[in-house]
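These values consider heavy atoms only, across backbone and side chains, with no hydrogens, waters or symmetry-generated copies.
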Number of protein chains: 2
Amino acid sequence: MDSSLVKLRSKLEIYKAMTDGGNLSDCPVRDVIQGLSGKWSSLLMAALAEQPYRFGELRRLVPDISQRMLTQTLYDLQRDGYVHREVFPTKPPSVEYSLTDLGRSMFGALQHLLQWAENNHDAVRDARAAFDAA
Amino acid sequence: MDSSLVKLRSKLEIYKAMTDGGNLSDCPVRDVIQGLSGKWSSLLMAALAEQPYRFGELRRLVPDISQRMLTQTLYDLQRDGYVHREVFPTKPPSVEYSLTDLGRSMFGALQHLLQWAENNHDAVRDARAAFDAA
DNA sequence: TAGTGCTGGTCTCTTTCTGAGACCACCATC
DNA sequence: GATGGTGGTCTCAGAAAGAGACCAGCACTA
């Protein structure tokens, strides 16, 4: 299942890319990852990957996000080019959020991690329980 | 490049897994992702994927992490079963951190995202610049 | 014509999380 | 005895996140 040699090569490159001598804090890889590491980013990406949603729909879909964080996370995702925001001039103006091509591309990569989490969450839970017991 | 039908199916499943009716905050997928979404988790995983390191080595390797956050992030990664911590009874006791099998497995999935970030950071940077200009 | 509700937000307040750096015990070496 | 390297912990200030009140605009209803 693992082509370890290929993976090892990538690991070294990725680590290098994340360390990127000199301006550590300006490292582009870390900069991109940072934008995705918010508490709600991946969840909203997963929702919007399914279909476009309006603000209120997202709010009802994810009841435990505060309105403030929903606004802000969508703003950040839009700023990074993953999400498109379109305002429709209906009587109460409605706003629709959808993934851009860049967003869909990014989600393709993020997906592997989400899938792994789904497949292995019991292993993590067990590890956590064993650790806390000791 | 995209096998869209397959991906669409996964998307729906992943979103479902992240929403997981009822106990939203106890959703296992979100629980796992949460542990990985810290500022330093992915960077330390990338470092340890290359080779095992000792505490002080990691500190020197990532100069802009505070000692406190290094301790805490390693503790969290260890608790979730990704990292193994071994104390050697040398004269000043030394501590070595390495990836577990679970950690290597997880990094295999995380890797896709890091690779994407490396390949596309200029697109994100451009999107950000365009957004800020408007 | 006033009340109610739906739209997508913003503002303020409180609590939690991070970051910077002082401090610590231990031992070896100088 | 002083100094440095080991892997941490503790305290305190600043940044970020969560809860929830509030807002303008228009439609529908009474």
Gap between atoms [atom1] and [atom2], on [X] and [N] respectively (whole Å):
| X | N | atom1 | atom2 | result |
| --- | --- | --- | --- | --- |
| B:Leu74 | D:dT6 | CG | P | 16 Å |
| B:Asp76 | C:dC17 | CG | C1' | 12 Å |
| B:Arg54 | D:dG8 | CZ | P | 11 Å |
| A:Leu70 | D:dA17 | CG | C1' | 14 Å |
| A:Arg59 | C:dG5 | CZ | C1' | 13 Å |
| B:Asp64 | C:dT18 | CG | P | 15 Å |
| A:Ile65 | D:dA19 | CD1 | C1' | 13 Å |
| A:Tyr53 | C:dG8 | OH | P | 14 Å |

Between [X] and [N], is there a side-chain N or O to OP1/OP2 distance below 4.0 Å?
| X | N | result |
| --- | --- | --- |
| B:Lys39 | C:dG19 | yes |
| B:Lys91 | C:dT29 | no |
| A:Gln72 | D:dA17 | yes |
| B:Arg60 | D:dT6 | yes |
| A:Tyr75 | C:dG8 | no |
| A:Trp40 | D:dG18 | yes |
| A:Arg68 | D:dA17 | no |

Looking at [Y] and [X], is there a salt bridge between them, counting it only when a charged N and a carboxylate O are closer than 4.0 Å?
| X | Y | answer |
| --- | --- | --- |
| B:Arg59 | B:Asp64 | no |
| B:Arg128 | A:Asp31 | yes |
| B:Asp101 | B:Arg104 | yes |
| B:Asp76 | B:Arg79 | no |

Which one, [options], comes nearest to the side chain of [X]?
| X | options | value |
| --- | --- | --- |
| B:Gln67 | D:dG5, C:dG19, C:dA22 | C:dA22 |
| A:Pro92 | D:dG8, C:dC6, D:dT6 | C:dC6 |
| A:Ser66 | D:dA19, D:dG8, D:dT6 | D:dA19 |

A:Tyr75/A:Tyr97 aromatic ring centres below 6.0 Å
no

Between A:Met69 and B:Thr71, who's closer to the 5' end of DNA chain D by nearest nucleotide?
B:Thr71

For B:Pro93 and for A:Tyr97, locate the closest nucleotide of DNA chain C by heavy-atom distance; then report the residue assigned to the nucleotide nearer the 5' terminus.
A:Tyr97

Might you work through the side chain to side chain contact (heavy atoms under 4.5 Å, CB included) test for A:Leu43 and A:Ile65, ending with a clear yes or no?
CA-CA 10 Å; A:Leu43 180 56; A:Ile65 192 176; over 6 Å; no

Could you tell me whether A:Phe88 contacts a base, only the sugar-phosphate backbone, or nothing, with contacts defined as non-hydrogen atoms closer than 4.0 Å?
nothing

